[in-house]
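Everything numeric in this text was worked out from a predicted model, so none of it was measured. Below, read A as the first sequence line, B as the second, and so on, with proteins coming before strands; counting in each chain starts at 1. Quick note: numbers below take in every heavy atom, side chains included, and nothing from hydrogens, waters or symmetry partners.
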Amino acid sequence: MPTTYRSHTIGQIIAGGEDMVGEEVTIAGFAESVRGRGGICFVTLRDGTGKIQAFLKRGSLDDESFETVQNSSRESTMMFRGSVARKRPPKTPEGAPPPPKEYEVTVSAAELLATAQTPLPVGVVDDVNVGLDTRLDNRHLDVRRSHVNAMFILRSKVLQYGREHLIEEGFNEMNSPKIIASASEGGTNLFPMMYFDTPAFLSQSPQLYKQLAVLGGLERVFEIGPAFRAEKHDTYRHLNEFVSFDIEAAWCDDEDVMGVLERMIHSIWKSVSEKDGHLIETINHYRTTQGLEPVKVEIPEVPFPRISYDEAIDIVKSGGGQIEWGDDIESHHCDLIAEKYPGFHFIPRWPMSMKPFYIHHKEGELGTTGQQLSRGFDLNYGRDEMTSGGQREHRVEVLEQNLLNMDLDPKDFTFYTDGFRYGAPPHAGWGLGVARLLMVLTGAGNVREVVLFPRDRSRVTP
RNA sequence: GCCCCGAUGGUGUAGUGGCCUAUCAUGCAGCCCUGUCGAGGCUGCGACCCGGGUUCAAAUCCCGGUCGGGGCGCCA
């Protein structure tokens with residue numbers, strides 16, 4: 001749609017190609033480079049849809065505008081009016097194939113919208129590495145870099161495809177409160193805050209609220225929202241504020257919602273590979289310049305392998321890992337499992353003793369050492385955990401016993417347990433780390449790459 | 001919370017006690033040239049995190065601080 005500042009996007013002009021030649025257009029964007037100091041001047045103009053060269057000739061527009069543009073700095077924003085023309089082909093080395101036809105805008109009027117200060121704290125097209133920290137301090141400029149831009153567009157697509165898939169499977173989007181009165185799960189540390197005169201916390205998970213929604217008859221719900229954890233971790237895969245993709249569904253067990261999850265991931269990968277190849281290409285172009293392997297979007301086969309906790313312990317042991325039944329499967333253990341299962345794989349049936357109080361168990365389902373198993377599961381990709389989920393405990397007396405077993409006071413959870421006193425459907429769900437999924441898709445080595453303004457142990461700005 | 005590592009122009013780097021008036025690239029400023037296109041040519045600008053110590057001599061070694069990175073634990 002045309003706006004006050006442009007009649008066409010640059011992408012439209014490029015897509016129009018030959019048909020656009022001679023057409024009068026107004027475009028606006030960032031000046032990626034300004035070349036030529038004599039009677040002519042070339043500006044590579046970039047907007048959110050593409051880049052095109054603007055050609056300015058002294059005499060074809062008023063002198064003042066010409067000089068303003070010619071003397072302006074990279075990344076300044078400007079607006080040009082002119083006509084679309086075929087671009088003269090660049091010189092190519094002998095024997096090289098002729099370059100594809102390109103188009104430019106022959107400028108008849110120009111306006112500088114806002115000047116960029118020099119020097120830029122991080123170059124948008126410069127051929128130098130930039131440290132992650134410098135990039136994050138200047139994220140507003142970093143995002144102008146094409147591969148970074150592509151990652152965030154891809155992030156939006158992933159959320160869109162996931163959302164579309166869940167809606168198709170009958171889920172309704174919900175929102176849970178992020179300001180809560182008490183620990184929703186116990187376990188991790190919460191950020192304390194004051195809610196007027198009442199002490200409160202930032203929510204670590206929508207878990208209990210999703211369940212209350214399902215108990216309330218919403219049947220199938222999902223939420224895409226932030227979670228906050230006051231853990232002092234400092235790794236490539238942890239942040240203190242992160243967005244999770246959460247679902248909860250009535251009349252389901254763990255296996256049912258594992259199905260939802262693998263179908264959703266399959267659907268996201270399929271859509272990305274069908275529709276967003278150009279974004280992956282942009283990312284790969286950059287990766288190549290950095291000497292990194294290009295990423296491939298290989299649509300994972302459904303169903304994903306299921307490696308039960310019992311089996312996982314055996315794999316780790318036979319791979320030489322130090323582990324006993326009942327121990328958590330740590331990252332270095334996951335490396336051993338990932339040797340056999342490098343892609344997505346579920347690890348179902350964890351020991352009940354290791355799972356939160358709200359996870360369901362079936363009496364008589366015992367592990368190799370005779371201890372009670374749960375209906376909790378993880379989804380891993382290689383060594384990294386993407387999701388944890390499970391069937392939930394819907395029997396209120398069992399729920400209260402679980403709380404006691406884990407040294408929590410049922411009185412603190414009446415807002416939750418009361419929801420189970422008036423008939424509760426068996427239900428199950430999971431929470432998926434959006435950034436972790438994107439790391440897999442984009443080959444990013446750090447979650448901070450795929451989160452616009454990450455919050456970690458030492459970063460609260462920008 | 002534990003372990004390891006690092007800090008040099010705007011950005012990314014070279015540098016292992018004297019060869020450092022500190023390298024290279026990119027950037028920035030100026031000039032020249034040019035339908036350029038990774039434009040080109042010339043000239044210039046710009047840095048050793050902070051504080052203390054060792055030494056004839058410290059970007060370099062030691063101590064403390066600050067900031068940052070990586071790994072682990074825990075988790076998504």
- Task: Check whether the side chain of A/Glu104 and the base of B/rG35 form a donor-acceptor pair under 3.5 Å.
- Result: yes
- Could you pick out which residue, A/Arg74 or A/Gly123, lies toward the 5' side of RNA chain B when each is mapped onto its nearest nucleotide? A/Gly123
- Item | Closest to the A/Val130 side chain, choosing from B/rU11, B/rG73, B/rG10 | B/rU11
- B/rU54 - base-pair partner by Watson-Crick or wobble geometry, distances under 3.5 Å: none
- Query: Roughly how far apart, to the nearest Å, are B/rC49 and B/rA76 at atom P?
  - Reply: 41 Å
- Query: So what's B/rU11 paired with, Watson-Crick or G-U wobble, going by both distances under 3.5 Å?
  - Reply: B/rA25
- Message: Salt bridge check, A/Glu262 against A/Arg306: does any charged N sit closer than 4.0 Å to a carboxylate O?
- Response: yes
- Should B/rC31 form a Watson-Crick or G-U wobble pair with both distances under 3.5 Å, which nucleotide is its partner? B/rG41
- Nearest listed nucleotide, side chain of A/Asp328, among B/rG68, B/rC74, B/rG27: B/rC74
- Query: Paired with B/rC19 by Watson-Crick or G-U wobble geometry, both distances under 3.5 Å: which nucleotide is it?
  - Reply: none
- Message: Regarding A/Pro226, tell me which of base, sugar-phosphate or nothing describes its non-hydrogen contacts under 4.0 Å with the strands shown.
- Response: nothing
- Query: How would you label the contact of A/Lys57 with the nucleic acid (heavy atoms, under 4.0 Å): base, sugar-phosphate, or nothing?
  - Reply: nothing
- Query: Which part of the nucleic acid does A/Arg383 contact within heavy-atom distance under 4.0 Å: base, sugar-phosphate only, or nothing?
  - Reply: sugar-phosphate
- Message: Of the options B/rG73, B/rU26, B/rG68, whose atoms approach the side-chain atoms of A/Ser331 most closely?
- Response: B/rG73
- Message: Any donor-acceptor pair under 3.5 Å linking the side-chain atoms of A/Asp310 with those of A/Trp325?
- Response: yes
- Task: Determine which nucleotide pairs with B/rC49, using a 3.5 Å limit on both distances of a Watson-Crick or G-U wobble pair.
- Result: B/rG65
- Among the nucleotides B/rA39, B/rC72, B/rG35, which one has an atom lying closest to any side-chain atom of A/Arg237? B/rC72
- With the threshold set at 4.0 Å, does a side-chain nitrogen-carboxylate oxygen contact exist between A/Arg448 and A/Asp133? no
- Item | Closest-nucleotide ordering on RNA chain B, the 5'-leading residue of A/Gly36 and A/Leu239 | A/Gly36
- Query: How close or far is atom C1' of B/rC75 from atom CD of A/Glu241, stated in whole angstroms?
  - Reply: 16 Å
- Message: My understanding is that a pair needs two contacts under 3.5 Å, Watson-Crick or G-U wobble. By that rule, which nucleotide pairs with B/rU60?
- Response: none
- Message: Using a 5.5 Å cut-off between ring centres and planes within 30 degrees, is A/Phe242 stacked on the base of B/rA76?
- Response: yes
- Query: Are A/Arg457 and B/rG1 close enough that a side-chain N or O sits under 4.0 Å from OP1 or OP2?
  - Reply: no
- Query: With a non-hydrogen cut-off below 4.0 angstrom, is A/Glu102 in contact with a base, only sugar-phosphate, or nothing?
  - Reply: nothing
- Among B/rG71, B/rG35, B/rG10, which is the nearest nucleotide to the side chain of A/Arg88? B/rG35
- Item | Rounded distance (nearest 0.5 Å) linking atom NZ of A/Lys178 with atom OG of A/Ser203 | 5.0 Å
- Note on the structure: Test side chain to side chain contact (heavy atoms under 4.5 Å, CB included), reference A/Tyr341, set A/Asn380, A/Ile347, A/Ile315, output is A/Ile315
- Nearest heavy atoms of A/Met354 and A/Tyr309, plus distance in Å: SD-OH, 4.0 Å
- Message: I'd like to know if the side chain of A/Ser176 pairs up with that of A/Glu223 as donor and acceptor (distance under 3.5 Å, no hydrogens or angles considered).
- Response: yes
- Quick one: label A/Phe245 by what it contacts on the DNA or RNA (base, sugar-phosphate, nothing), any heavy atom closer than 4.0 Å. nothing
- Message: For a quick test of reading the model: is some side-chain N or O of A/Thr118 closer than 4.0 Å to OP1 or OP2 of B/rC28?
- Response: no
- Does OP1 or OP2 of B/rG70 have a side-chain N or O of A/Asn446 closer than 4.0 Å? yes
- Query: So, is A/Thr134 near the phosphate of B/rG12, with a side-chain N or O under 4.0 Å from OP1 or OP2?
  - Reply: yes
- Task: Test for a donor-acceptor pair under 3.5 Å between the base of B/rC74 and the side chain of A/His238, counting only N and O atoms.
- Result: yes
- Task: Answer with base, sugar-phosphate or nothing: what part of the nucleic acid does A/Ser244 contact at a heavy-atom distance below 4.0 Å?
- Result: nothing
- In the strands shown, is B/rG1 matched to any nucleotide by a Watson-Crick or G-U wobble pair with both distances under 3.5 Å, and which? B/rC72
- When rounded to the nearest Å, what value does the distance between C1' atoms of B/rG46 and B/rG6 take? 24 Å
